[in-house]
Protein chains: 2
Amino acid sequence: MDLLARRLQERAKQLGISNAEAARRVGLEERRYAHYASGRREPDLATLVRIAATLGTTPNWLLGVPAGPDIDADVSTLVERFAYAANSMSLRELELCVIQAEAVAAAPRK
Amino acid sequence: MDLLARRLQERAKQLGISNAEAARRVGLEERRYAHYASGRREPDLATLVRIAATLGTTPNWLLGVPAGPDIDADVSTLVERFAYAANSMSLRELELCVIQAEAVAAAPRK
DNA sequence: GCGGAAACACTACATATTGTTCCTATATCA
DNA sequence: TGATATAGGAACAATATGTAGTGTTTCCGC
């Protein structure tokens, strides 16, 4: 399986949507998107960018390019997801999410 | 002119090399690379990644994807706070925070 | 149990796009 | 002048893509 395909599957799972739903959101025909998600075909660059934007990720992540040199890949991926989700929130909601996260970070470890 | 083409030209200039030299470094035939650098053709995804790596950039930059999806200053400040808090969390905790944030973002507005 | 919708895999083919070759032109330098 | 390097145009065979048809499996309401 191709890396892009795995990432598309993974991202859909993260968002809790089916590939067909992802296709609809991106504005592509189901079958066409299914080709990308199965690794049989590759999208052109403009389509890649649109898919990444719609799914709340970046071409870098879809193509398996590490975000930063020193940063932990898993952490930065999760922070990116948060940053994207932040755009769909009101400022107040975002603030509450951050407060909650800071509380989690400050919670005593066992 | 295509964006990728402009970025390739810009990057070559930054590195102080010709397009032909860039082609050699990436390991592509001059003519083929020249097509990318002129916007007449698009590379496949694997080639794009290789070009980006060789030229010391990323697919995101070559495709013009902004570093951070957020634009608002208040939003990016809060995201930064989150990123800082993320360092004090376990990966699992961070993941749960992100899932929670995504759920908030996806919740219907009144 | 049954019908229908949804998701996904496989095949096929006309079309569009690419990789490559051949050719021309300009600039630089020995 | 001759040699070398870079850049780009035109054209064609090879390749990859978009789309359609078909079939299978799973799930859900009745």
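Throughout, protein chains are lettered first and strands after them, A, B, ... in sequence-line order, and every chain is numbered starting at 1. The structure displayed is predicted, hence computed values, not measured ones.
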Sorted by chain and number, sequence neighbours left out, side-chain contact (heavy atoms from CB on, under 4.5 Å) with A:Ala20 holds for A:Ser18, A:Arg24, A:Glu30
Along DNA chain D, 5' to 3', what are the outermost nucleotides having an atom less than 4.0 Å from a heavy atom of chain A? D:dT17 to D:dG21
Excluding sequence neighbours, so at least two apart, what forms salt bridge (Lys or Arg N to Asp or Glu O under 4.0 Å) with B:Arg25? B:Glu21
Run the side-chain contact (heavy atoms from CB on, under 4.5 Å) test against B:Ala12 and tell me which residues pass, sequence neighbours left out. B:Ile17, B:Asn19
Within residues 11-27 of chain B, find the residues that approach DNA chain C with a heavy atom at under 4.0 Å, and present them sorted by residue number. none
Atom OH of A:Tyr33 and atom C1' of C:dA6: how far apart are they, to the nearest Å? 17 Å
When every nucleotide of nucleotides 13-30 of chain C is labelled 5' to 3' by its protein contacts under 4.0 Å (heavy atoms), B for base, S for sugar-phosphate only, - for none, what sequence of letters results? -----BBBB---------
Can you list every pair that meets salt bridge (Lys or Arg N to Asp or Glu O under 4.0 Å) and has a residue in residues 40-60 of chain B, with sequence neighbours left out? B:Arg32-B:Asp44
What is the bend of the helix from C:dG1-D:dC30 to C:dA30-D:dT1 when you compare the axis at one end with the axis at the other, using five pairs each and rounding to 10°? 30°
Sequence-distant partners of B:Ala83, side-chain contact (heavy atoms from CB on, under 4.5 Å), two or more places apart: A:Val79
Salt bridge (Lys or Arg N to Asp or Glu O under 4.0 Å) against A:Arg11, all qualifying residues, sequence neighbours excluded: B:Glu102
Within the structure provided, determine whether B:Arg81 and A:Ile99 are in side-chain contact (heavy-atom separation under 4.5 Å). yes
Check whether A:Val98 and B:Val104 end up in the same hydrophobic cluster, where Ile, Leu, Val, Met, Phe, Trp and Tyr are linked by side-chain heavy atoms less than 4.5 Å apart. yes
The side-chain contact (heavy atoms from CB on, under 4.5 Å) partners of B:Val49 (sequence neighbours excluded) come to A:Leu63, A:Val65, B:Pro59
Within-4.5 Å side-chain heavy-atom neighbours: A:Ile51 and A:Thr57: no
Salt bridge A:Glu95-A:Arg92, side-chain N to carboxylate O under 4.0 Å: yes
Can you list the residues that meet the ring pair (Phe, Tyr, Trp, His ring centres under 6.0 Å) rule with A:Phe82, with sequence neighbours excluded? B:Phe82
